[in-house]
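Numbering of ligands and ligand atoms starts at 1, following listing order.
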Amino acid sequence: MTKQDRVLIFDTTLRDGEQSPGATMSHGEKLEIANMLDEMGVDIIEAGFPIASEGDFKAVSEIAANTKNAQVCGLSRAVYKDIDRCWEAVKHGVNPRIHTFIGTSPQHRAIPDLTMDQMIERIHDTVSHARNLCPNIQWSPMDATRTEEDYLCRTVETAIKAGATTINIPDTVGYTAPAESADIIRMLLERVPGADEIIFATHCHNDLGMATANALAAVAGGARQIECTINGLGERAGNTALEEVVMALRVRNDIMPYQTGVDATKLMNISRRVATVSGFQVQYNKAIVGKNAFAHESGIHQDGMLKSADTFEIMRPEDIGLSETNLVMGKHSGRAALRSKLKDLGYDLGDNQLKDVFVRFKELADRKKEVYDDDLLALVSDENTNSANDHIQVKSLQVVCGTSGPQTADLTLSIDGAETQHKATGDGPVDATFNAVKALFPHEAKLQLYQVHAVTEGTDAQATVTVRMEENDKIVTGQSADTDTVVASAKAYVNALNKLLVKREKSAPV
Ligand code: KIV
Ligand code: ZN
């Protein structure tokens with residue numbers, strides 16, 4: 001494979017994705033996702049914005065130190081102290097990368113209040129400073145697609161001369177269209193001295209629903225790095241979805257002859273995990289990883305599928321790691337069967353974790369005749385999401401509900417190791433439970449969303465509850481699953497509060 005055939009995959013789920021309001025991930029969740037990205041074969045992981053908070057710094061440092069293959073990158077503004085902090089965080093990684101950016105469009109230039117010449121000087125100074133620390137420098141002219149062509153060329157030339165090795169062209173507000181996205185990269189390759197020595201990257205937002213098309217068009221124009229996120233997570237309408245570009249390049253390799261290093265059979269599992277930890281459920285009809293992406297409901301489609309799968313399928317479910325069998329497990333299934341089933345689903349659990357999951361699986365199997373793949377995934381996700389190290393934990397809950405109110409919730413929480421109990425009433429069992437949480441852990445956060453999804457069919461199905469809360473413009477999402485909807489609700493609420501505690505530590509990134 002030549003350099004020309006290879007497209008690098010730069011994943012920014014943990015930076016741009018996590019910037020999406022409500023998508024905050026805990027430290028442990030970030031480490032886990034980074035590990036999955038590395039195992040999947042992503043080339044570069046943008047792990048966070050180290051200057052933004054102590055939490056971000058710690059997450060980027062640990063990810064850099066623990067990642068085996070991928071380059072780990074941190075983001076920094078065009079400011080020396082950001083760049084220094086970023087270097088401190090990534091420097092222990094394998095081939096670490098500093099990514100520094102400044103807004104170059106007329107709309108963004110006004111913010112640092114620099115003249116165009118002063119901005120050129122700033123780009124030169126900050127990129128040179130970064131290059132003196134690290135040989136692997138990525139530079140981004142933020143809002144590149146709304147920047148005047150001549151000025152964009154000047155900024156890119158300056159960054160290359162100062163030592164940038166990757167130039168990323170962000171479509172920050174999702175404004176470009178495919179033909180233009182390709183033309184910008186072609187134009188830069190033609191006009192900027194030294195452009196053939198570096199790699200151009202494309203970073204597209206999905207405001208007009210064209211992020212994937214724009215990224216692939218940029219590759220046709222000469223870009224060789226795609227920036228993307230799992231499930232297209234990201235600010236506003238999100239970023240280019242990693243699973244979409246990887247599968248598009250694979251399925252249409254005849255017209256887009258480029259390779260990535262991503263093992264596509266890991267896509268489904270990482271998609272599910274990111275959906276759980278971010279609290280952003282994947283829409284049913286989402287390309288590649290949506291629940292209906294491989295479902296054939298209509299009679300004509302089913303008939304065609306029975307005769308030959310390629311009548312209606314351009315890829316097979318197993319290509320993305322979606323196992324066709326949905327082997328049902330029951331209360332007589334043993335630990336070895338559970339371990340092997342979880343392995344098929346992408347979870348290779350250690351002995352201790354398997355022990356905990358097995359106990360919960362047995363409890364579930366006692367309550368529920370058949371345990372499906374989705375039940376197991378919900379159970380493992382819940383085990384990972386609600387950790388024994390959380391500040392606040394649900395210890396017990398008894399609820400009285402029915403036609404003769406008031407509905408009452410008797411709740412015991414452990415807060416930083418100390419158990420505390422309260423009985424509250426409310427308008428329904430969930431309201432009573434939430435009132436009890438508020439009494440035990442007073443806070444001003446407002447409930448923005450309360451959502452219940454049945455994991456499988458039947459009245460004995462587990463419920464996945466999502467709770468989104470807002471406090472001083474900080475938004476967090478909590479989740480939990482249980483066959484008892486009220487227990488799942490209490491745990492999801494507490495999960496959101498734990499995330500809020502993490503978020504309170506963070507200062508505004510820019
Ligand atoms: O969208 C954007 O412009 C960004 C930059 C920081 C690269 O995320
Ligand atoms: Zn972005």
Between Lys266 and Glu39, is there a side-chain N and carboxylate O pair less than 4.0 Å apart?
no
Step through it carefully: locate the ring centre of Tyr151, locate the ring centre of His108, and say whether they are under 6.0 Å apart.
no
Out of the N/O/S atoms in His205, what is the name of the one closest to the Zn ion (ligand 2)?
NE2
Asp16: its N/O/S atom lying closest to the Zn ion (ligand 2) (atom name):
OD2
So, do [X] and [Y] sit near enough that their side-chain heavy atoms are less than 4.5 Å apart?
X	Y	result
Trp139	Thr155	yes
Thr145	Ile184	yes
Phe10	Asp43	no

If we set the cut-off at 4.0 Å for heavy atoms, which region of [X] has an atom near ligand 1: side chain, backbone, both, or neither?
X	answer
Arg15	side chain
Asp16	side chain
Glu227	neither
Glu235	neither

Nearest to atom 4 (C) of ligand 1, what protein heavy atom do you find, and at what distance?
His203 NE2, 3.5 Å
Just to confirm my output: which protein heavy-atom neighbour is closest to atom 3 (O) of ligand 1, and how far is it?
Thr172 OG1, 2.6 Å
Per-atom filter on ligand 1: closer than 4.0 angstrom to a heavy atom of Pro170 are 2 (C), 3 (O)
One finds that the ligand 1 atoms under 4.0 Å from a non-hydrogen atom of Met142 are 3 (O)
Tightest non-hydrogen contact, residues Gly478 and Asn495, listed as CA-OD1, 3.2 Å
Looking at every non-hydrogen atom in both residues, tell me the closest pair between Val465 and Val452 and how far apart they are.
CG2-CG2, 4.2 Å
Checking the side chain of Asp38 only, and the main-chain atoms of Ala70 only, is there a donor and an acceptor separated by less than 3.5 Å?
yes
Does the N or O separation between His205 and ligand 1 drop below 3.5 Å for any pair?
yes
